[in-house]
Amino acid sequence: MAGVATGGVEDAYGEDRATEDQPITPWAVCVASGHSLLRDPRHNKGLSFTEKERDAHYLRGLLPPVVLSQELQEKRLLQNVRQFQVPLQRYMALMDLQERNERLFYKLLIDNVEELLPVVYTPTVGEACQKYGSIFRRPQGLYISLKEKGRILELLRNWPEKSIQVIVVTDGERILGLGDLGCQGMGIPVGKLALYTALGGVRPSACLPITIDVGTNNEDLLKDEFYIGLRQKRATGQEYSDLLDEFMAAIKQHYGQKVLVQFEDFANYNAFTLLEKYRANNLVFNDDIQGTAAVVLAGLIAAQKFVSGTLADHTFLFFGAGEAGTGIAELVALEISNQSKVPVEDARKKIWLLDSKGLIVSSRKDSLQPFKKRYAHEHEPVKDLLDAVKVIKPTALIGSAGVGQSFTKKVIEAMSSINERPIILALSNPTSQSECTAEQAYSWSKGRAIFGSGSPFDPVKYNDKLFVPAQANNAYIFPGFGLGVVISGAIRVKDEMILAAAEGLADQVTPEHVDKGLIYPPFSCIRKISANIAARVAAKAYDLGLASHLPRPKDLVKYAESCMYSPIYRSYR
């Protein structure tokens, strides 16, 4: 018997469908039998099928007699997840749930986002990627390897969903801080897209995780009998470039130009190259470069609510000059340029970078990578971070080098002697690689630091005052950014859209948040935050003439909210 959902603008079994030009439209589907209904994670409601639904869809006898609400199912599953003491076991339990009951998975994640985010994504997803070959159960995305060169379009056609809006792709070479995990990096795009749905409201069926397997240089994986990828050294040079060219051309040919392709966890030298190569003619985004930059810029803008002046009044010292550090630096320079109406070249003079060889200065230009050269200022060479702090006298110190405990007591004390309210951002993940802990930042600065981190830290009590550390989590930005791109039908990503996302996040930091020392709003409000960021990004896309969904909605915040995926069960008849 054919089923038709009642209510909403979703299909017969609660799945929002989209054409290329409309994010959400009605769609009809038939289910052949109750058995297939129970096996389809998108439509399965488990014990929440009503008596009428069980009769109408031949489910009678296939389920125990009890009928449970979705809320009670959620309560039971949360208890089950909490019983696991090992984070990887919690991760596997949640992935199992996603594979059998999609809506319940997302409802559980949305309602308990602060507790479960570290399970479905960092840091637990890193361990999951390391052990992906051992825990692999069923494919959750598309695998494209060198063996399929010349056939990538054919592989895309094998993916069952046709209305794709967001793709997250990795080649597995730089998975978090864990290095080259090859084909097992698939856990990253899977986890990232789960957050696109849970936090940003992008439909699950519109999301496509992809791993491009060009081999791995990880000897342990090559020797592992359970490794699931190509057993060869990484392809580089022209062979690598040709495969990526074919991939991008196939994406545009099969899905059109309004599919957002997010590059994730590529090695530095490929990350910058690919972004610059494709951004002019494709809808591409790199979260490691642009997403990180946006969330940090948002924190820096919000930090101005603690101190007087503007960003242009500050001097920034970055410890780390990889894709994250230089990406943040460039976005900060663009924001200063916009605020102060000065050339971006002049804005860059407020920003200093320090890498493994010391301060980046003009005398090193010949040996620097291209993306570092623009920050090679005139100055004597400085090797040490502490010495750099003393001579540059920064108002903001930003760490992204992945060197744990590099913000020593002397470094933070030096920052505190220069500034009444030093801005200290220890952005490296995981916690073991964080430049300092929240407790160290607050105690060594005598409670004066404006602190943010990449890893989560518990609140800190110092001199009878409770400080709540702010986590500069990319999940503040990319879900809302992606939703903004989707609802506007943007055909390109411009820097102005990234700036709009950062400004949109910073604007949601209220005086109440400032009183608690927060430079980001509470993560418990993430769906509201994402809707507001989506509206800002979409507005900028319309302003720049890059939006294709016309006419422009009058209220973009309400429109964004109306387009967000809901995990609530649908009624079938």
Side-chain angles (χ1 to χ4, degrees), residues 15 39-44 77 81 87-110 116-117 119-122 124-145 148 152 155-172 175-176 178 181-200 202-213 216 221 226-230 247 251 255 259-265 287 475 478-479 482 565 567:
E15 175 57 19
R39 286 181 172 271
D40 187 337
R42 194 167 305 152
H43 306 140
N44 181 24
L77 280 162
V81 169
L88 185 61
Q89 291 177 331
R90 293 187 173 194
Y91 173 88
M92 293 175 66
L94 288 171
M95 292 303 102
D96 284 344
L97 175 61
Q98 186 181 23
E99 290 178 12
R100 70 177 185 269
N101 188 329
E102 187 174 87
R103 285 184 180 274
L104 186 55
F105 167 78
Y106 282 113
K107 189 170 192 311
L108 184 68
L109 182 53
I110 290 167
L116 297 181
L117 183 65
V119 179
V120 298
Y121 204 62
T122 56
T124 309
V125 73
E127 183 183 0
C129 287
Q130 288 176 308
K131 299 175 180 177
Y132 211 75
S134 298
I135 67 174
F136 180 83
R137 298 187 180 184
R138 63 183 291 268
Q140 295 174 288
L142 198 62
Y143 294 86
I144 298 173
S145 76
E148 284 80 43
I152 294 179
L155 267 63
L156 293 177
R157 288 173 176 154
N158 288 343
W159 187 252
E161 298 295 340
K162 305 307 176 188
S163 299
I164 300 300
Q165 294 172 331
V166 181
I167 291 169
V168 176
V169 58
T170 186
D171 70 353
I175 298 299
L176 305 175
L178 304 171
L181 297 184
C183 190
Q184 297 189 169
M186 178 58 92
I188 296 297
V190 168
K192 210 84 174 186
L193 285 167
L195 300 187
Y196 263 107
T197 297
L199 313 185
V202 179
R203 295 174 295 106
S205 64
C207 298
L208 174 55
I210 297 179
T211 290
I212 295 180
D213 186 359
T216 179
L221 289 179
F226 299 121
Y227 180 55
I228 61 175
L230 291 178
F247 169 73
I251 292 294
Y255 296 119
V259 173
L260 178 64
V261 178
Q262 178 178 314
F263 296 116
E264 190 70 24
D265 285 356
D287 188 47
F478 71 81
Y565 168 83

Engineer: Establish, from distance only, whether the side-chain atoms of S145 and E148 form a donor-acceptor pair under 3.5 Å.
Structural biologist: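 A pair is found: one side chain offers a donor N or O, the other an acceptor, under 3.5 Å apart.
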Engineer: When rounded to the nearest 0.5 angstrom, what distance separates CG in L104 from CG in N44?
Structural biologist: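 Rounded to the nearest 0.5 Å, the CG-CG separation comes out at 9.0 Å.
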Engineer: Could you grab the distance from atom CG of L142 to atom CD1 of I210, nearest 0.5 Å is fine?
Structural biologist: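 If we round to the nearest 0.5 Å, L142:CG and I210:CD1 are 5.0 Å apart.
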Engineer: Grab the two heavy atoms, one from V119 and one from P87, that are nearest each other, plus how far apart they are.
Structural biologist: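 Heavy-atom minimum between the residues: CG1-O, 4.2 Å.
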Engineer: Using every non-hydrogen atom in the two residues, find where Y227 and C183 come nearest and quote the distance to one decimal.
Structural biologist: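 Nearest pair, atom of Y227 first, then C183: OH-N, 2.9 Å.
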Engineer: I need the L181 CG to I188 CD1 distance, nearest 0.5 Å.
Structural biologist: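 Output value for this atom pair is 8.5 Å.
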Engineer: Calculate, to the nearest 0.5 Å, the distance between atoms OH and CG belonging to Y106 and L199 respectively.
Structural biologist: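 So the gap between those two atoms works out to 10.0 Å.
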Engineer: Any chance you could measure F263, atom CZ, to D171, atom CG, to the nearest 0.5 Å?
Structural biologist: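 Result: 10.0 Å between the selected atoms.
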Engineer: Looking at R42 and E161, does any basic side-chain N land under 4.0 Å from a carboxylate oxygen?
Structural biologist: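 E161 and R42: salt-bridged.
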Engineer: So does E99 pair up with R137, basic N to acidic O under 4.0 Å?
Structural biologist: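 Between R137 and E99 there is no salt bridge, as every charged N stays at least 4.0 Å from the carboxylate O atoms.
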Engineer: First locate atom CD1 of I110, then atom OH of Y565, and finally report the distance between them rounded to the nearest 0.5 Å.
Structural biologist: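 The distance works out to 7.5 Å.
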Engineer: Apply side chain to side chain contact (heavy atoms under 4.5 Å, CB included) to L176 and D265, showing your working.
Structural biologist: CA-CA 7 Å; L176 305 175; D265 285 356; 4.2 Å; yes
Engineer: Which atoms form the tightest heavy-atom contact between A198 and L109, and what is the distance?
Structural biologist: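 Between these two residues, the closest heavy atoms are CB-CD2, 3.5 Å.
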Engineer: How about Y132 and I228: do any of their side-chain heavy atoms sit closer than 4.5 Å?
Structural biologist: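 The answer is yes; the side chains approach within 4.5 Å.
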Engineer: Find out whether R90 and T124 are in side-chain contact, i.e. whether some heavy atom of one side chain is under 4.5 Å from a heavy atom of the other.
Structural biologist: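 Counting from C-beta outward, R90 and T124 never come under 4.5 Å.
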Engineer: Find out whether Y91 and E127 are in side-chain contact, i.e. whether some heavy atom of one side chain is under 4.5 Å from a heavy atom of the other.
Structural biologist: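 Side-chain contact under 4.5 Å: no.
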Engineer: Taking K162 for the side chain and R157 for the main chain, is one N or O donor matched with an acceptor at less than 3.5 Å?
Structural biologist: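 It does hold such a pair.
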Engineer: Compare every heavy atom of T211 with every heavy atom of P189, then report the nearest pair and how far apart it is.
Structural biologist: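 Nearest heavy atoms, P189 then T211: CG-OG1, 4.3 Å.
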Engineer: Can you see which heavy atom on E264 is nearest to which on T170, and at what distance?
Structural biologist: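 In this case the closest contact between E264 and T170 is O-OG1, 2.7 Å.
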Engineer: Take Q165 and Y255 through the test side chain to side chain contact (heavy atoms under 4.5 Å, CB included) and record every step on the way to the result.
Structural biologist: CA-CA 8 Å; Q165 294 172 331; Y255 296 119; over 6 Å; no
Engineer: If you take all heavy atoms of L193 and P209, which pair is closest and at what distance?
Structural biologist: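 So the two residues come closest at CD1-N, 3.3 Å.
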Engineer: Should M186 and Q140 be marked as a side chain to side chain contact (heavy atoms under 4.5 Å, CB included) after you check the CA-CA gap, both sets of side-chain angles, and the distance that decides it?
Structural biologist: CA-CA 8 Å; M186 178 58 92; Q140 295 174 288; 5.5 Å; no
Engineer: Determine whether C207 and T197 satisfy the following criterion, side chain to side chain contact (heavy atoms under 4.5 Å, CB included), listing intermediate values before the conclusion.
Structural biologist: CA-CA 8 Å; C207 298; T197 297; 3.9 Å; yes
Engineer: Examine the side chains of Y196 and Q262 and answer whether a donor and an acceptor come within less than 3.5 Å of each other.
Structural biologist: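 Their side chains do contain a donor-acceptor pair, which is all the 3.5 Å distance test asks for.
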